Protein chains: 2
Amino acid sequence: MEYKPNWLARGMRTERTNTIGIIADDLLSPFTPPIIRGIQDFLRTIDYLGLIINSDWDPDLEREAISTLLGRSVDGMIFVESGHLAPTEELEKAGKPYMFVHRLFGAPIQYSVVPDDYAGTQLAMEHLFSLGHRCIAHIAGPSGWHSARRRVDGYVDSMHQHGIAIEAGWMLESDWRYEGGFAATQQLLATDPCPTAIYVANDHMAWGTVEAIRAAGLRVPDDVAIVSYDNRSFSRVLRPKLTTVSLPAYEMGKKAAEQLSLKLQGETVATDEVKICGTLYIRESCGADPSLRTVEQPDVGTTVRHQLTGVPPVSN
Amino acid sequence: MEYKPNWLARGMRTERTNTIGIIADDLLSPFTPPIIRGIQDFLRTIDYLGLIINSDWDPDLEREAISTLLGRSVDGMIFVESGHLAPTEELEKAGKPYMFVHRLFGAPIQYSVVPDDYAGTQLAMEHLFSLGHRCIAHIAGPSGWHSARRRVDGYVDSMHQHGIAIEAGWMLESDWRYEGGFAATQQLLATDPCPTAIYVANDHMAWGTVEAIRAAGLRVPDDVAIVSYDNRSFSRVLRPKLTTVSLPAYEMGKKAAEQLSLKLQGETVATDEVKICGTLYIRESCGADPSLRTVEQPDVGTTVRHQLTGVPPVSN
DNA sequence: GTGAAAGCGCTAACAA
DNA sequence: TTGTTAGCGCTTTCAC
């Protein structure tokens, strides 16, 4: 009968606000929006809402955010790509449940959802093997990052599992960036024996790899095949379109929210890291048969917008 | 003395929660995160927090979101890229202030912050003129979008102001996408007289333009110069790096929050659209003297992260 | 000036 | 089962 409860009053009484706090390093980091979207979509199913604060990688801001959120009586918290924090004393004292998603640095931590970079790497490597490649090089990210190290492990193990020795110079550490990928590739092309395929640890560097190969007068994928990682939105507009393993940001966010909701209901949740594996998006940069290509989903929203406005779906 | 107020109780008493609702079409739309970040950064200065809900371009979801937010007693609302809504009856009845940011379609509306695409276009065109170009073509976005139409107006007026006639075939409507830009450019290159510069209405199409020009055996910027619009993050990793006018998403969000805070304080705010002009990022695609290039700021957070982790700043 | 008390809307506990 | 009431923590009002 038109009755609309006042959530403030209810929250005051029940000590439950149906709100959680989300502390993100920075909303503008590339994976933060999809992680948060995943969180939001799960929260919606349990009638929760999220209050988002940016900590900008600043420990003081992060502490302040925790304090602010506690003052708002949130029921729990999720730390998104939060850099460094072991939960503050204040958070522990409050006894509210919390989760971490996609912590990038530091030792592994409890109640944390992370990408399964090792398994994702296997996906990429197996694809290359299935296409007949055996001389596969790897351009890695900076070793300070979890993801970079795990992708290296995956590469090394994968090669060994196929009984292939990794030649000197086939594994290079770079910096995640276009320029780094470009430079590393130039080095690689001067290697003997020269690899026929390169597993590049992220899409940015892979872009540089594509351009370096072209600059050397070679073609992708005919002369050198490329697989990379992340499935950033530009990877399907680059030519050739990149074959890449997705970093399952959305799914990770969803999972973290799900775990949190379990804790919210008082259930005991396994403390160890939850690993989520991405998917291989088969496109053009490996030369796989076109019939194998992943069918691309339109970006969320663009089809609805299309129906609404008559304006065609736009890739984001 | 360690006293921490309970915001719920305070809110119940004062009818002020220091919280606003943010209804976004979709957190994953490219300009939504920077707009929200702008809102958040302003809100922080007045001790407010934002509750974000995605409406996914669905009028029903949007109505539901308004209702949810009202139930949470937010003090006001901001609609981010919300497609269509004239405020619902319920919102009006609640008497809470609200603002729109970056409404993409439909008739102009009150209390709305939008990009000044006309002025931004002048920036782009003047840059081209200053480089000596007179034969300038325009690849436009779909005419259903405000931004596309205003960018066309800016182009046409700018040409006329310089006393230049727009040749037949110099103005093409496309679809915002890489493929559209590519195809339009091929058409343009077959035009006589062939333009020496192209003003492309967004970065995505401009990417296609670059590739089409290359495919025709011509060079950017030597044979054809390109300016575009939006300043998407990939525009500075594309080679040549795109000279482009930014869509000032962050600033728009900030402004909207500022306007809302004025309304929150009971001040009367001008009802007409607030227009925010972007900035011209001079890079490589127009062939401007290197000394004129805009100095690039590192992405928010990456420098802090650098200090924290020893890992170099990464472009997002 | 200081201090006590009422009441915001709800739910949980208790009484009938 | 149904109905009544106390009280969550704060601010505002009103009495002193």
Side-chain angles (χ1 to χ4, degrees), chain A residues 1-23 43-53 63-77 87-98 257 260-267, chain B residues 1-23 40 43-53 63-77 87-98 260-267:
Chain A
M1 307 185 48
E2 286 284 315
Y3 167 69
K4 285 191 56 184
N6 176 327
W7 284 84
L8 283 181
R10 177 179 295 183
M12 199 162 145
R13 196 60 253 248
T14 58
E15 313 253 279
R16 281 254 169 171
T17 52
N18 276 33
T19 306
I20 67 146
I22 299 174
I23 298 182
L43 291 184
R44 211 180 120 74
T45 66
I46 56 168
D47 262 311
Y48 264 71
L49 247 31
L51 233 23
I52 304 175
I53 302 187
R63 246 186 301 275
E64 190 189 314
I66 292 173
S67 184
T68 302
L69 256 11
L70 253 18
R72 299 296 191 119
S73 313
V74 296
D75 297 343
M77 276 184 218
T88 60
E89 204 194 330
E90 191 182 1
L91 179 55
E92 281 304 348
K93 202 154 45 186
K96 311 250 175 163
Y98 54 86
L260 188 72
S261 88
L262 255 27
K263 291 171 101 181
L264 247 17
Q265 294 163 44
E267 303 193 19
Chain B
M1 305 187 49
E2 286 286 315
Y3 168 68
K4 286 191 57 187
N6 177 326
W7 283 85
L8 283 182
R10 177 179 294 182
M12 198 162 145
R13 197 57 253 252
T14 57
E15 314 254 282
R16 282 253 167 169
T17 53
N18 275 35
T19 306
I20 69 146
I22 299 175
I23 297 181
Q40 289 173 327
L43 290 184
R44 210 180 122 73
T45 66
I46 55 168
D47 262 311
Y48 265 72
L49 248 32
L51 233 22
I52 304 174
I53 301 186
R63 246 185 302 275
E64 190 188 314
I66 292 173
S67 184
T68 303
L69 256 10
L70 252 19
R72 300 296 190 118
S73 312
V74 296
D75 297 342
M77 275 184 218
T88 60
E89 203 193 333
E90 191 182 1
L91 178 56
E92 281 303 350
K93 203 155 42 186
K96 310 250 177 166
Y98 54 86
L260 188 72
S261 88
L262 255 27
K263 290 171 102 181
L264 246 18
Q265 295 163 44
E267 303 192 22

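Order of the sequence lines fixes the chain letters, A, B, ..., with proteins taken first and strands second; residue numbering starts at 1 for each chain. Bear in mind the structure is a predicted one, so any value in this text is a computation, not a measurement.
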Does some side-chain heavy atom of A:Asp75 sit less than 4.5 Å from a side-chain heavy atom of A:Asn18? yes

Minimal non-hydrogen separation, B:Ile23 against B:Ala65, with atom names: CD1-CB, 3.8 Å

Flag side-chain contact, heavy atom, 4.5 Å: A:Ile53 against A:Glu64: no

A:Ser261 and A:Ile46: which non-hydrogen atoms are nearest, and at how many Å? CB-CD1, 3.6 Å

Below 4.5 Å, heavy atoms only, C-beta onward: do A:Lys96 and A:Leu69 meet side chain to side chain? no

Do A:Thr19 and B:Arg72 have side chains that approach each other closer than 4.5 Å (heavy atoms only, starting at C-beta)? yes

Can you name the atoms? Protein N/O to nucleotides 8-11 of chain D N/O, anything below 3.5 Å, with the distance.
| unit_1 | atom_1 | unit_2 | atom_2 | d |
| --- | --- | --- | --- | --- |
| D:dC10 | OP1 | B:Tyr3 | OH | 2.9 |
| D:dC10 | OP1 | B:Asn6 | N | 2.9 |
| D:dC10 | O5' | B:Tyr3 | OH | 3.4 |
| D:dT11 | OP1 | B:Arg10 | NE | 2.6 |
| D:dT11 | OP1 | B:Arg10 | NH2 | 3.2 |
| D:dT11 | O2 | B:Arg13 | NH1 | 2.7 |

Quick one: are B:Leu70 and B:Met77 in side-chain contact, heavy atoms under 4.5 Å? yes

Find the runs of at least 3 consecutive base pairs, i with j, i+1 with j-1 and so on, that include DNA chain C, using Watson-Crick or G-U wobble geometry with both distances under 3.5 Å. C:1-14 with D:3-16

Range on DNA chain C touched by chain A - first to last nucleotide, heavy-atom distance under 4.0 Å: C:dG9 to C:dA12

Note: A:Tyr98 and A:Glu92 closest approach over all heavy atoms is OH-OE2, 2.7 Å

Where is the tightest heavy-atom contact between B:Leu8 and A:Gly11, given as atom of each residue plus distance? CD1-C, 3.9 Å

Report the C-alpha distance between A:Leu51 and B:Leu51 in whole Å, list the side-chain angles of each, state the deciding distance to 0.1 Å, and finish with yes or no for side-chain contact (heavy atoms from CB on, under 4.5 Å). CA-CA 5 Å; A:Leu51 233 23; B:Leu51 233 22; 3.1 Å; yes

